[in-house]
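Keep in mind that the numbers below use all heavy atoms, side chains included, and drop hydrogens, waters and symmetry copies.
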Protein chains: 2
Amino acid sequence: MFIIGERINGMFKDVSRAIKEKNKRFIQELALKQIEKGANALDVNIGTAVEDPVSAMEWLVKTITEVTEITLSIDTTKLVVMEAGLRYCKSKPIINSTSADDEKLNNLIALAKKYNAGLIGLTMSNRGIPSDANSRLELAMHILTRWQGEGLLIDDLYIDGVILPVNVAQAQCPEVLETIRQVKLLSQPPPKTVLGLSNVSQGTKYRSLINRTYLVMALASGLDAAILDPLDEELIKAIRTAEILLNKTIYCDYYLKGRK
Amino acid sequence: MFIIGERINGMFKDVSRAIKEKNKRFIQELALKQIEKGANALDVNIGTAVEDPVSAMEWLVKTITEVTEITLSIDTTKLVVMEAGLRYCKSKPIINSTSADDEKLNNLIALAKKYNAGLIGLTMSNRGIPSDANSRLELAMHILTRWQGEGLLIDDLYIDGVILPVNVAQAQCPEVLETIRQVKLLSQPPPKTVLGLSNVSQGTKYRSLINRTYLVMALASGLDAAILDPLDEELIKAIRTAEILLNKTIYCDYYLKGRK
């Protein structure tokens, strides 16, 4: 699976502090550590407590690209901050994210074209997050149709079924799994699927256990990518084992060793 | 899910010795310990190294039913040994198992009727274990048709997709998941699905990790029951978490505590 490391996010106190203090070394080490543990891309989010978001995003992206050319997923709801991040990426970036609302969708598709970026499309709109798989799929189809209508590559589109915390919206957890399965039937070839994994365990007591159990179920449902914490060793072990059991990587006795 | 404890099996050395020495206490404690850890039924298998299999099975079942009336899954390939076990069960037993071969199927369906027992039907025949989901489903359909043709309850039939060790038949692991999903479409209501879980990790280095990862994927695919080791704590935690995330049991903060 395609692992997008979640740790460079201003919602974490250590990262927030590093952004404030312009502590390059902390950010760069966090980037490299995530890559070492298996991240195929890094999410970049400045958080909410920043005075000048545009220059914070610029600084973050420049700081990371000094030490790695890995794919960056620029994670912000603000258009100007998004463009500030995309501008300094050294590899093809991912835009994280759009909803299914036309204004937002138009703006972010325009940015995707300008910067040759992938796009994460959330199955939600200004009416909120639907409670069932079918309504999520309608929104996914809307995003997909707009994306393909612009002649963009299906392979660059990631549909995110929007998982909510299990302690808030438990009934939606299987609905999101069903969404992942059904997205794979929307087109041929289908768009990719992605999840913001850690959200499922927000506010719960057994976060790591809930995260890895849900991820394994999502992988069995066809998930392609997830934004997650690659520093969670049990999570990475579960991913590597699921990949073996889905016959996506070849089994060898010590498949957990000697891997990134 | 319906957990069938696998530990009372003569293939384990400690159990084999207990059978030989007629050590009632060992067997009874192993029965109660599995139930305490979450087993809803117990598999009973005398193993292969027994001189008088009929009286060994009788002794085992009598020994267990002295301390519990839980469902027993009588696990043997020999018809006389099967009947020896079924005869002494105090609750409705499960016959483990038949293949899709007509002679075997006829014999075991006759026993199921005589003893009002459930039946585990393996998707294999005298031609072997098919390599893909479709061929497994054909065999499942054959067993199902015979079962329903006798007017037996669909709820008492368990289809086992026959998982092989991942280091032997890796490509079949996702095929068995697909089999589980498709069995649920064979009839309305569908038969139950079951797996002999530990087989998937036979001969591998990370047995518990492989077992629990595969089980979580199977649960996401609709699995109802499994023969497994309830003394594996990480496995039970994964099951309880998967049940929460599939919205089958209600979430509470300490859902792992105070449970069997």
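- Of the residues considered (A/Ala238, A/Gly203, A/Ala242, A/Ser221), A/Ala242 shows the highest number of contacts with chain B, using heavy-atom pairs under 4.5 Å.
- Scanning all heavy atoms of the two residues, the minimum distance from B/Pro174 to A/Leu246 falls at CG-O, 3.7 Å.
- Within residues 175-187 of chain A, the residues approaching chain B closer than 4.5 Å by heavy atoms are, in numerical order, A/Leu177, A/Arg181.
- Scanning residues 160-167 of chain B against chain A with a 4.5 Å heavy-atom cutoff picks out B/Val166, B/Asn167, ordered by number.
- The neighbour count for A/Glu233 CD, taken as heavy atoms of other residues, nucleotides or ligands under 6.0 Å away, does not exceed 12.
- Within a 6.0 Å radius of NZ in A/Lys33, other residues, nucleotides and ligands contribute 12 heavy atoms or fewer.
- Below 4.5 Å, heavy atoms of chain B meet heavy atoms from A/Ile210, A/Arg212, A/Thr213, A/Tyr214, A/Val216, A/Met217, all part of residues 210-219 of chain A.
- To the nearest 0.5 Å, the span separating CZ on B/Arg240 from OH on A/Tyr206 amounts to 13.0 Å.
- In this structure a side-chain-to-backbone donor-acceptor pair under 3.5 Å is missing from A/Gln170 to B/Leu245.
- Legend: residues meeting salt bridge (Lys or Arg N to Asp or Glu O under 4.0 Å) with A/Lys237, ordered by chain and number and at least two apart, are A/Glu234.
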